[in-house]
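Naming: A, B, ... by sequence-line order, numbering from 1 per chain. Only heavy atoms go into these numbers, but all of them, side chains included; no hydrogens, no water, no symmetry mates.
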Amino acid sequence: MSSTEFAWQPLLHTDAPAECALLAALFTTYERPDESFLAEHFLPNFLKLGRDSEAEGKERVSFLVELHSRLLRLHGQLVVVSSTAREEPSDMEERDSGGYGWIGQSVRHLTVGRLGRAAQHAKLWLLHWGADADGVQRLEMVISSANVTRAAFKSQLQAAWRACLELHPKPSQARLAAWGVLSAFLRELARHSGDTEAFEPFIDLLARADSPEGISFVASVPGKYSRQDLHRTPWGAAGLRGIRPSGAGTVGVGILAPFVGVWNADALSRWCAAFEGLPERLALVWIDVMHPWRKNWLLPEETRNALGEQGASLLRLGYDGDSPDAACRFHDEHRPTKDERWSHAKVYRFRRGNSRRVLVTSANFSQAAWGKENADGGLTIENFELGVCVEQAVWPFDDLEPFERLEDAATVPTLEFCTPGFMLWAQAVWDGKMIAIDCRCEAGRELMGEVVSDGDSTPIRAWTMRPDGCRSAQVLWEKSEPRPLFVQLTCEREALRVAIFDARSWSDRQDDAPPGMDKDEFTSIRYQLLFEQYGGWVADDLGGEARTDAPEGSEGEEDGAAHHDSYSVETLELARAHLAVVDCWAKEMKDAPAGERTALFRDGEVLIEAFKWQEKRDASSGEERAIGARLAAEELAILLKHFRGA
Amino acid sequence: MSTLESLGLNAKQWQFLNDTAVERYVEASRRSGRELRLESTRRQFLAARVILARLNGSQSQGEKARRGILLADDVGLGKTTVAALVAWVVASAEPRRKVRILAPNDVVRRNWVKELGLHVGPLQECARRLGVHPKQVKDGGGPLNAGWIRVVNHAYARANKLHCDLLIVDEAHRAKGKDSEFSKQLMRKGKDARRILILTATPFSIDVENELLRMLRLIGADGVKGPVREYKKALDRLYQGTIPSNREGEGDRLAARAKAAVEALKPYVIRHGVEDLPSELDSFGQRDEWNIEVPKATAQELELILRLVRALTVENKDGSRSSNATNDARFHQGWSHYAEESNRANSQLRRLAEPARHVVGHHLHCIERLRVEVGIHSKIRAVAAAVEAKVWEGEKVVLFCDFHATAEELTTHLYTILPQLTAPQTPRRSAWKQAWNDVLQQPGDERDGPALRETFINWLCGDLIRAQTCAWFRPDSVPLTDANLANALRTNRARHSSAGDIIAAAGQRLYEALLKSRSSHEVLRLAEEQPEQLLSKNGAARVLGICGRSNESVFLHNRSPDTAIAIFNSPFGPDVLVGTDKLSEGIDLHRYCRCLVHYELDPSPIRAVQREGRIRRVNSWAAATGKPILYAYPAFPGTRDEQLVRIVQKRVANFSLLLGGVQGFRVEAAGSEEEEWRNEVIEAARDRLTRAGNQLRAQEPGGP
């Protein structure tokens, strides 16, 4: 969804210019992301990988190396925050990872729960894009209903709002303030995740971007808040006051959400009062009992009754078995018969007279999301939620008719909740010598764990109880091979796998291959991919034979002309291709803002090693063929020294 | 189209050009100092007859008058001879007409004057009614009266009118581009000439749209535009297009369009290809390849090239200098230009910003070390060794370079490996002077004649010529003495060959040639005080470089190369001549030389064709000796030079077949697959192209 109207488009894309490279990203999700989805579909889209994850053979290996290299480059800059760790059988863990357990060494995976029980339900993406051709960086923001799971993209329809904003070179407090509750929301998320450092860069990005005009944010943060608290920071339903349409009269609300919590008449009235509304002006878009989404859309009978009693409407999103495409579609292009996805969107439309606003959010229509009113008029909120409100947006459900009989609406007798887990929060970090494991586990429960590496495991022998109620353990791990991949924690019948974040220095990490991959093959492909990244030959085409033609599109000495079967001299062409890589790297370094140079310095160092490796490789078919790579390595060393000095 | 006014000539006035009169003319030419070859003269006479008939019109032969003719014979077939005959007829036959000849430069202009002069004797003998006189030929700018033939440079056209009855434009392809001054003036002022004869060997190598079609328009060729453009398009497809799958089809297209173009051009264009004149091959000499093996570039040599190319590229990117040619072919062919560029880069290092300064400085530092290790350039070393071997076999060798710097380097190295000849102590130098005094006649009665003659004899008595001459004497039962030296000069032939001139006659001929040339005359005069003006400081150098240097003993000491060319075209003097393409047009080097080395090649094959024409001419040394003409295309394997040579060589071979329609190229962009396909297309169309080309040969009206 853009600022003023709904549009039908894939969520997995970016509005940033093609030349921009991802510098950092924050993704929040309710469910813990499954690693195979993250590695094969989600991240490649933003990392702009050139290889196909579904390929086989060498292409597949190249994909893995490319992913690994790119993650190494963005080490610690990709942060995923999910809800409290959930109970999962161990075989499910293994299946989900798809062998990609190692990405957790570079991708920082945080969970809320550090301060106590909390659910992270917001779906926020913040993507920091590097400079475009004009040297402008961008912040791309997506607020949606989509979790970072395969199901969210494969089986569900989502609602999302997206903005790609140019960044100012320096942060400003005034700009940060203009984002409303969003910065406070991020700080709270950081506090509950136990890693404020990881969030600071993203708060800084907000301070460098102008908040788009006409939008405001509504957020929920778990906790118990007094009215004074909410006056200072209007979390949950308190935030709806700020987005109510102007004018006189009561505010009507339309709700599209697949999950409706338990509401009684009083709670409904209080929730509506937050935005100067009344239950009788509440219209919930809902499905009938025949609708194929009925397994996923949950409305307790109790709530249905309360809605009915309060005069609220249930708008029938029907399903006509004879012509479903006509009767049950969200959009002109939506074909329910061919599209089995169910709507996971959570959208609220507020209307007062001609003033209309739409809220795209993660918040279901539940008190866990919006808050349950306390006796003192404050709120108790269970979830992190985030929504963005857009003025004057259209509402595609105005034409729906109310159910003639409320009994025809699909309902469930009661809502089944997952049993709250014992292990509320955990993290594991390896500094090259020791693995530090922290876990918040229900008091009095026995906690066990083991460190799992490639084909091996080491038990955690002792836990220490800290004053803040968390338990800590340390495992000595000084060897670099095999690397520790994750900690398997168990508490009674619960199991939790925690990725071990690799906090070693870059120089210690940079030569690591993905587990199970031949080191030489990894090195070879990694170097070739790096050449490719800087305008060298496409690595897949290199094969075992050394190439002599210039890379496609590479700059010729004078006019750029180069033929794949050129008469031109092998040694010179080879050298030209290598030196073109140096030029490309130097140009990027020259053009890069100071903040984007770290990765380039690292690439420069690896490129020197890569050219030394290439020199040996080229020399195997003639001493003269190795000259180009040698010259390239020499020049890179000079350039690196220069840029470091600068 | 309005009918052209006749030139008022009568076919009887050129009866001496008839087939039956050829032998007599050839005989007469022998007596006048240049013996023409019968078969070639027969063809040249036919061409002259056809041109005269077409320019004048001939009622009896049903030939209407045409405003102009394009003579596009291959290099070396004697276009100058044909045009000179036409000029003499137009200027001398009653009513006497005005003829103006535009030559591209001083050397060629002087060559024209010489060529016209060489016909005076035979014409006086065979065409008495024309009443030709040497004074009809006027060298340089000035008035043009009836009966005169005035030879001027192209540059003359800039500031002067071109009114005349016949305008002959030599090397017309020099009128390159619609914006070139000469081209503009020619198109504007050429209309003042009643008739135009254009000479060029490369009609389809020039810019067809702006040059060939303009020339054809100038000579009044109608109806040629379409077919010429279509043929040009076919050539463009061949050389610039992408590869179609069907080479047969492409060959058909090429042949059909060539045929149509030839049909349209036939009334206005006369062209003979050297390969299509088997009866004359004996006059030109058979050609053969001279394979000079050059070792593959070493890693050090390639590193040197790479480092400089890179340093210049970085300089360019830094923006401190605008147009560095980073892929300069000279870097692959010698170290001289290389040294100039690296020295320049070194001197300008401080101007560069960082990090370019550090990078360039690093490469230059490495270059300095490597240059010492590498030494002589591999190609120069290998070519010089091959040339040396030929010289020891008694041959003269001419080497062409594209650039002065390479020519200098090559010359200098050749000089170091070809030891100066030491003349035997006997006969003594004084005896030689006496002997040459005895045999050398003083033509004319110029005031400074005796002094010039003495200067020339002094030169003949230098170490080099004495040593050379001694070596040519047959081993005789009679020992060589001071007394019989003059006799030996009168009885022995030069250059160890029965084909060579008698030594005394060769000396006489050279002396007269020098006297006839204004510039050589001046050189002889100056050489009285400064012997190095005549050629080489002590007269002993066996290598001569005509490439700009003036302060070394192996380089020409005066600006005009006429003297050097005359000497090289004699049996005497330097055995090796190194020059640039300034020598590739309009001069003769064929009389004692049959070995040519393309040391450096221009990417345009026209240059190579022009070069080869210098020694493949009628009455060549090859024809005289019965040995083949040797063309060497040495290539430096592993460098860009190798690629350049491979392509140019093939394109030169196809040059005549395509009516000169081969094109230059950028070696770094030339694809081997495309080049192979190109050659296959030409091969598929070869027979038809040959047949089409033959249609442009001179034919009598009503002939086949």
Side-chain angles (χ1 to χ4, degrees), chain A residues 548-550 554-587 589-591 604 615 618-619 621-646, chain B residues 242-243 296-307 309-314 316-317 323-329 331-332 353-363 365-366 370 636-647 665-677:
Chain A
T548 58
D549 54 326
S554 71
E555 196 184 345
E557 279 169 21
E558 295 200 331
D559 57 9
H563 292 239
H564 66 284
D565 65 337
S566 174
Y567 264 119
S568 46
V569 181
E570 281 189 2
T571 306
L572 304 189
E573 289 306 307
L574 205 54
R576 194 164 78 172
H578 293 329
L579 290 166
V581 170
V582 177
D583 289 341
C584 181
W585 177 86
K587 185 175 184 310
M589 182 60 103
K590 196 176 161 192
D591 295 344
E615 183 188 347
D618 289 344
S621 50
E623 186 191 351
E624 70 283 359
R625 294 174 61 91
I627 302 169
R630 175 154 49 86
L631 265 54
E634 282 176 17
E635 273 198 18
L636 264 171
I638 294 170
L639 292 170
L640 261 178
K641 195 174 167 189
H642 163 78
F643 285 116
R644 283 197 197 289
Chain B
T242 50
I243 305 176
K296 193 170 178 244
T298 64
Q300 279 181 317
E301 282 172 317
L302 287 169
E303 185 174 340
L304 266 172
I305 294 169
L306 270 170
R307 284 195 186 274
V309 167
R310 181 58 182 169
L312 297 183
T313 305
V314 174
N316 283 351
K317 283 184 196 295
S323 57
N324 267 331
T326 53
N327 60 355
D328 196 321
F331 298 153
H332 303 239
E354 291 294 2
R357 188 195 302 180
H358 249 88
V359 171
V360 173
H362 169 74
H363 286 305
H365 177 73
C366 296
L370 277 167
F636 191 20
T639 72
R640 192 162 282 155
D641 182 59
E642 182 184 26
Q643 327 303 338
L644 178 69
V645 168
R646 197 187 308 171
I647 301 173
F665 61 98
R666 286 185 308 102
V667 68
E668 67 275 18
S672 55
E673 203 181 316
E674 285 99 322
E675 194 66 16
E676 198 178 317
W677 169 81

For the atom pair [atom1] ([X]) and [atom2] ([Y]), what is the distance rounded to the nearest 0.5 Å?
X: Ile627(A); Y: Gln300(B); atom1: CD1; atom2: CD; result: 9.0 Å
X: Arg630(A); Y: Leu306(B); atom1: CZ; atom2: CG; result: 9.5 Å
X: Leu572(A); Y: Leu302(B); atom1: CG; atom2: CG; result: 6.5 Å
X: Leu579(A); Y: Thr313(B); atom1: CG; atom2: OG1; result: 8.0 Å

>> One thing to verify: whether Glu634(A) and Arg307(B) come together as a salt bridge, which I'm taking to mean a side-chain N less than 4.0 angstrom from a carboxylate O.
In response: yes
> Please walk me through it: do Glu624(A) and Lys296(B) pass side chain to side chain contact (heavy atoms under 4.5 Å, CB included)?
Replying inline: CA-CA 11 Å; Glu624(A) 70 283 359; Lys296(B) 193 170 178 244; 3.2 Å; yes
> For Ile638(A), which of Glu354(B), His363(B), His362(B) qualifies under side chain to side chain contact (heavy atoms under 4.5 Å, CB included)?
Replying inline: His362(B)
> Which residue out of Glu303(B), Arg310(B), His358(B) racks up the most heavy-atom pairs below 4.5 Å with chain A?
Replying inline: Arg310(B)
